[in-house]
Amino acid sequence: MINLKKLAILGSTGSIGTQTLQVVDQFPEQFKVELLVAHSNWQLLLEQARRYQPKWVVLTEESAYQRFCAENRDASLVVRYGMDSVLAALDALQLDMVVGAMMGAAGIAPTLKALELGIDIGLANKETLVSGGSLVRKAQQKSGAKIIPIDSEHSAIFQCMEGEKTCARRILLTASGGPFRNMPMEQLKQVTPAQALKHPNWSMGRKITIDSATLMNKGLEVIEANWLFETDYDDIKVLVHPQSIVHSMVEYGDGSVLAHLGRADMRIPIQYALTWPARKDNSLEKLDFTKLAGLEFFEPEWEKFPALSLAFEAGRTGKSATAVLNAANEIAVAAFLENRLSFLGIPKLVEDVLNHHNLVDIESFEQLLEIDQWARLQAESLIKEYHQ
Ligand code: NDP
Ligand code: MG
């Protein structure tokens with residue numbers, strides 16, 4: 001009998017989490033889901049628990065946990081509340097892989113824990129690397145656990161670098177350009193959350209969809225690429241590619257460029273991370289080149305989308321700058337979605353918080369949490385000042 005790969009899915013109720021379960025459905029003889037973690041969506045978690053029969057589920061929102069407990073009829077299922085319980089579950093279950101698909105910096109603690117335990121991670125949750133990259137690197141080096149990227153661009157780069165990482169010269173990171181690529185700068189002032197939530201090519205969670213509209217998502221991905229592939233910022237080139245067919249490319253010193261192409265379907269990179277180093281057939285629709293109208297590549301509009309330069313700058317600055325960038329952006333996006341901040345206010349707020357910050361080296365998780373909290377409080381107080 002083949003050994004089943006035992007999985008934990010952190011953020012199982014989200015866009016990546018539910019698509020991960022669809023991949024699991026395709027390979028029932030390969031994977032066994034042992035742990036599901038969600039925040040608020042107890043109804044969907046309950047359905048998932050009934051279907052996949054994990055040993056543990058954890059909810060990180062208390063009222064959702066209580067509702068789950070009230071409705072759950074499976075006495076053998078371990079149901080817990082809170083981040084400490086997520087860490088306890090990672091400890092208790094003999095896992096082979098953790099899928100990091102939570103939203104935001106909440107993913108840092110379980111990612112570090114999994115790496116410390118030597119468990120490989122399929123990582124979608126880019127904020128963890130942006131904020132805690134140095135701690136993640138240390139934990140990974142200590143245990144030797146692997147991080148296999150799920151973010152489509154990074155999965156593409158990872159695949160283009162297989163076996164040839166050391167001689168790669170440059171990363172060409174593609175970006176769709178988001179829904180406002182053709183909108184004049186002047187009109188960006190009036191953009192509403194409903195407009196920003198309409199991504200042209202991908203259906204994703206709300207936070208990453210807004211990040212895609214500001215191009216902060218690409219900025220976060222630049223920092224993510226720097227940590228994952230140890231590529232200098234000068235050697236990461238962002239290219240706007242509105243068709244989202246080329247998921248990224250790697251340029252080599254001999255002039256060869258390797259590209260990864262595919263349909264815009266996250267189940268492809270999720271599956272690759274889960275089955276790596278093997279590549280498995282699946283029944284997903286394949287790319288039809290005769291139906292492609294053309295592939296275009298443009299320089300990003302730096303002035304129109306300042307979030308991208310802010311991220312490059314924070315990445316080059318290093319130390320605590322990227323943790324501050326990430327935390328301020330999380331607050332800015334939430335405030336924009338609640339109509340408390342304008343669209344152009346998002347990069348402005350991030351820049352203002354960075355300007356108020358005194359850089360430090362990040363030595364521990366506790367210190368990172370303090371900096372993250374400081375940036376969130378600073379961002380909230382600046383939003384209040386903007387309205388005075
Ligand atoms: P969603 O918003 O769809 O899902 C987020 C998941 O995280 C949900 O399960 C949610 O639980 C959970 N969650 C939210 N807040 C918390 C919290 N404070 N503590 C613990 N869990 C929490 O996001 P996506 O699936 O789109 O994105 C997840 C991650 O993957 C992000 O980091 C994103 O950048 C990255 N990513 C996503 C891509 C995509 O195509 N969607 C592509 C590449 C990367 P609940 O729903 O129960 O409240
Ligand atoms: Mg991406």
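Keep in mind that what you see is a predicted model, and the values were worked out from it rather than measured. Note that ligands are numbered from 1 as they come in the structure, with each ligand's atoms numbered from 1 the same way.
Among all protein heavy atoms, the one lying closest to atom 3 (O) of ligand 1 is Ser15 N, 2.8 Å. Nearest protein neighbour of atom 7 (O) of ligand 1, counting heavy atoms only, is Met103 N, 3.2 Å. Of the protein's non-hydrogen atoms, Thr13 OG1, 3.2 Å is the one closest to atom 45 (P) of ligand 1. For atom 48 (O) of ligand 1, the closest non-hydrogen atom of the protein is Ser40 OG, 2.6 Å. When hydrogens are left out, the protein atom nearest atom 27 (O) of ligand 1 is Ile16 CG1, 4.3 Å; that is the closest non-hydrogen contact. Given atom 34 (O) of ligand 1, the protein heavy atom at minimum distance is Lys126 CE, 3.3 Å. Atom 26 (O) of ligand 1 has Gly205 N, 2.8 Å as its closest protein atom, hydrogens excluded (heavy atom only). Atom 44 (C) of ligand 1 has its closest protein heavy atom at Ala124 O, 3.5 Å.
For ligand 1, none of its N or O atoms has an N or O atom of Ala106 under 3.5 Å away. Taking only nitrogen or oxygen atoms, main chain and side chain alike, Ser203 does not reach within less than 3.5 Å of ligand 1. Ligand 1 has a nitrogen or oxygen under 3.5 angstrom from a nitrogen or oxygen of Asn125. In terms of N/O distances under 3.5 Å, ligand 1 is not approached by Ala38.
Leu261 contributes atom CG, which lies 10.5 Å from atom OG of Ser248 (distance to the nearest 0.5 angstrom). How far CD1 of Ile208 is from CD of Glu127: 7.5 Å, rounded to the nearest 0.5 Å. Considering CD1 of Ile383 and CD of Gln388, their distance stands at 12.5 Å, rounded to 0.5 Å. Between the CG atom in Asn217 and the CD1 atom in Ile210 there is a gap of 11.5 Å [rounded to 0.5 Å].
A side-chain contact (heavy atoms from CB on, under 4.5 Å) with Val99 holds for exactly one of Leu10, Val37, Leu274, Ile121; it is Leu274.
The atom of Glu153 nearest to the Mg ion (ligand 2) is OE1, with the search restricted to N, O or S atoms.
Which of Glu221, Met102, His39 comes nearest to atom 15 (N) of ligand 1 through a heavy atom is settled by distance: it is His39. In the candidate list Thr60, Leu220, Ile150, Thr60 is nearest to atom 20 (C) of ligand 1, counting heavy atoms. With Leu123, Asn217, Asp151 as candidates, the residue nearest to atom 43 (C) of ligand 1 on a non-hydrogen basis is Asp151.
Near Glu127, with a cut-off below 4.0 Å to any heavy atom, the atoms of ligand 1 are 31 (C), 32 (O), 34 (O). Against a heavy-atom cut-off of under 4.0 Å, Gly11 is close to the following atoms of ligand 1: 6 (C), 7 (O), 9 (O). With ligand atoms numbered from 1 in the order given, ligand 1 contributes 1 (P), 3 (O), 4 (O), 8 (C), 9 (O), 25 (O) to contacts under 4.0 Å with heavy atoms of Gly14. Interface atoms of ligand 1 facing Met204, defined by a heavy-atom separation under 4.0 Å, are 26 (O), 39 (C), 40 (O), 41 (N).
Within the 3.5 Å criterion, the main-chain N or O of Ala105 finds a donor-acceptor partner in the side chain of Glu330.
Between Met266 and ligand 1 there is a heavy-atom distance shorter than 4.0 Å.
In this structure, OD1 of Asp151 and OE2 of Glu221 enclose an angle of 100° at the Mg ion (ligand 2), rounded to 10°.
Using a 4.0 Å cut-off between heavy atoms, Ile208 contacts ligand 1 through its side chain alone, with no backbone atom that close.
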TODO: Check the pair Ser244 / Asn201 against side chain to side chain donor-acceptor pair (under 3.5 Å), numbers first and verdict last.
DONE: CA-CA 7 Å; Ser244 296; Asn201 303 341; 2.7 Å; yes
Task: Trace of the side chain to side chain contact (heavy atoms under 4.5 Å, CB included) decision for Leu129 with Ile223 - done: CA-CA 8 Å; Leu129 280 173; Ile223 301 167; over 6 Å; no
Task: Pair Glu313-Thr317, side chain to side chain donor-acceptor pair (under 3.5 Å): steps then yes or no - done: CA-CA 6 Å; Glu313 213 177 298; Thr317 303; 5.7 Å; no
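The aromatic rings of Phe312 and Trp302 sit tilted relative to each other, their planes meeting at an angle between 30° and 60°.
Side chains of Gln26 and Arg267: a donor-acceptor N/O pair is absent below 3.5 angstrom, by distance only. In the model, Gln22 has no side-chain atom that pairs as donor or acceptor with a side-chain atom of Thr18 under 3.5 Å.
Residues Thr275 and Val23 form no side-chain contact, since every pair of their non-hydrogen atoms from C-beta on lies 4.5 Å or further apart.
Summarising the local packing, CZ of Arg206 is surrounded by 12 or fewer heavy atoms from other residues, nucleotides or ligands at distances under 6.0 Å.
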